[in-house]
Amino acid sequence: MNIADVWQRVIGSQPDPPRWLVLGSAGLALLAILPHPVWRLSRNVVTIAHEGGHGLVALVTGRRLSGVRLHSDTSGLTVSSGKPHGLGMVLTAAAGYTAPPLLGLGGAALLSAHRITALLWISIALLAALLIMIRNAFGVLSVVLTGAAFFLISWYGGSQLQAAFAYLGSWFLLLAGVRPVIELQRKRRQGGARDSDADQLARLTGVSAVLWVTLFLVIALACLLAGGSWLVATG
């Protein structure tokens, strides 16, 4: 496949996949989330989206992004500089837990519009932009491997393989957006995660951290409901 062919596929539309593929990819996404041993690995993808959300909103709101780190324990850190308070800081802090489900919703919207290849190449572009800001070896490895998977599937994969990968990724982000929020509140209830995004937002706004966690969960569930219905309708 040459570059002209790829560009035509990116800007064009692709036929809807069979229903079994749509539902099967949802089942595989659940298998990547529910068993704890598998989740310990797949959660790295959520961390990429989480920290990427922090970084993107920091830039959009005029903050200076110093760098992003992704760690092997699936934690991450995004460092930006600017005013330590105000709307930009609030939006940046709120972007982490909301980024995975919102990205999943965006993916579902593209798939409902029959833009499978466009989704794959937009994902590659976002990962390439994030790679520039990564500041540790494990983070570079995580982003490069994820981006390589998208590239290889989009360049060498047939239409059905591309569809399966795109649907799996969208289902994964939609479903996986819920579990980290539940884990966050569990840690907070046990006395941990005292410097979590929700606790930082509580200090910035005066609004209870529990309410911020609730907002994260409502957004994740709303994205899952809307995005899931779009995906199922395409099958």
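Ser75 places no side-chain N or O within donor-acceptor distance of the main-chain N or O of His71, the cut-off being under 3.5 Å. No donor-acceptor pair closer than 3.5 Å links the side chain of His114 to the backbone N or O of Pro15.
Considering only heavy atoms from C-beta on, Arg194 stays 4.5 Å or farther from Asp199 through its side chain. The shortest distance between side-chain heavy atoms of Arg40 and Thr74 does not fall below 4.5 Å. Contact of the Val232 side chain with the Ser229 side chain is not registered, since no non-hydrogen atoms from C-beta on lie closer than 4.5 Å. Residues Leu111 and Trp230 fail the side-chain proximity criterion, which asks for heavy atoms closer than 4.5 Å. Taking the side chain as every heavy atom from C-beta outward, Leu28 and Tyr167 never approach each other to under 4.5 Å. A 4.5 Å side-chain heavy-atom check between Pro180 and Arg43 finds at least one atom pair inside the cut-off.
Note on Leu168 and Leu34: separate hydrophobic clusters, where clusters join Ile, Leu, Val, Met, Phe, Trp and Tyr whose side-chain heavy atoms are under 4.5 Å apart, directly or indirectly. Leu184 and Leu174 fall within the same hydrophobic cluster, where Ile, Leu, Val, Met, Phe, Trp and Tyr residues are linked whenever their side-chain heavy atoms come under 4.5 Å apart, directly or through other members. Placement of Ile219 and Leu173 within a single hydrophobic cluster is found when ILVMFWY residues are connected by side-chain heavy-atom separations under 4.5 Å, directly or transitively. In the hydrophobic clustering of this structure, Leu126 groups with Phe172; members are Ile, Leu, Val, Met, Phe, Trp, Tyr whose side-chain heavy atoms approach within less than 4.5 Å, directly or through other members. Val45 and Leu175 end up in the same hydrophobic cluster when Ile, Leu, Val, Met, Phe, Trp and Tyr side chains are linked at under 4.5 Å.
Other residues, nucleotides and ligands contribute over 12 non-hydrogen atoms within 6.0 Å of the CZ atom of Arg135.
Listed by first then second residue, pairs satisfying salt bridge (charged side-chain N to carboxylate O under 4.0 Å, His left out) with a partner in residues 66-88 number zero, not counting sequence neighbours. Within the structure, salt bridge (charged side-chain N to carboxylate O under 4.0 Å, His left out) contacts touching residues 171-181 (residues at least two apart or in different chains) are Arg179-Glu183.
In this structure, His50 has its ring center under 6.0 Å from that of Tyr97.
To the nearest 0.5 angstrom, Ser72 atom OG is 9.5 Å from Asn136 atom CG. In this structure, Arg63 CZ and Ser81 OG are separated by 6.5 Å, a value rounded to the nearest 0.5 Å. One distance of note links CG of Leu224 with CG of Leu217; it measures 10.5 Å at 0.5 Å rounding.
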**Report entry** Residues Val68, Leu77; criterion side chain to side chain contact (heavy atoms under 4.5 Å, CB included); working and verdict
**Finding:** CA-CA 6 Å; Val68 176; Leu77 177 65; over 6 Å; no

Query raised in the report: Would Leu204 and Met89 count as a side chain to side chain contact (heavy atoms under 4.5 Å, CB included) if you check the C-alpha gap in whole Å, the side-chain angles of each, and the deciding distance to 0.1 Å?
Result: CA-CA 8 Å; Leu204 286 166; Met89 187 63 202; 3.7 Å; yes

**Report entry** side chain to side chain contact (heavy atoms under 4.5 Å, CB included) evaluation trace for Trp39 with Val46
**Finding:** CA-CA 10 Å; Trp39 176 241; Val46 180; 3.9 Å; yes

Query raised in the report: Can you list the steps and then say if Phe165 with Phe150 is a side chain to side chain contact (heavy atoms under 4.5 Å, CB included)?
Result: CA-CA 8 Å; Phe165 193 76; Phe150 275 93; 3.6 Å; yes

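Taking both residues in full, the closest heavy atoms of Ser170 and Leu231 are given as CB-CD1, 4.2 Å, listed atom of the first, atom of the second, then distance. Annotation for Ala220 and Val178: closest pair CB-CG2, 4.0 Å, computed over non-hydrogen atoms.
No hydrogens or angles considered: nothing links the side chains of Asn44 and Thr47 as a donor-acceptor pair under 3.5 Å. Side-chain polar atoms of Thr117 and Gln162 form a donor-acceptor pair below 3.5 angstrom. Side-chain N/O atoms of Gln185 and Arg188 include a donor and acceptor closer than 3.5 Å.
Classified by interplanar angle (parallel below 30°, tilted 30° to 60°, perpendicular above 60°), the ring pair Phe151/Trp155 is parallel.
In the hydrophobic clustering, where aliphatic and aromatic side chains (Ile, Leu, Val, Met, Phe, Trp, Tyr) are joined below 4.5 Å either directly or transitively, Leu225 stands alone.
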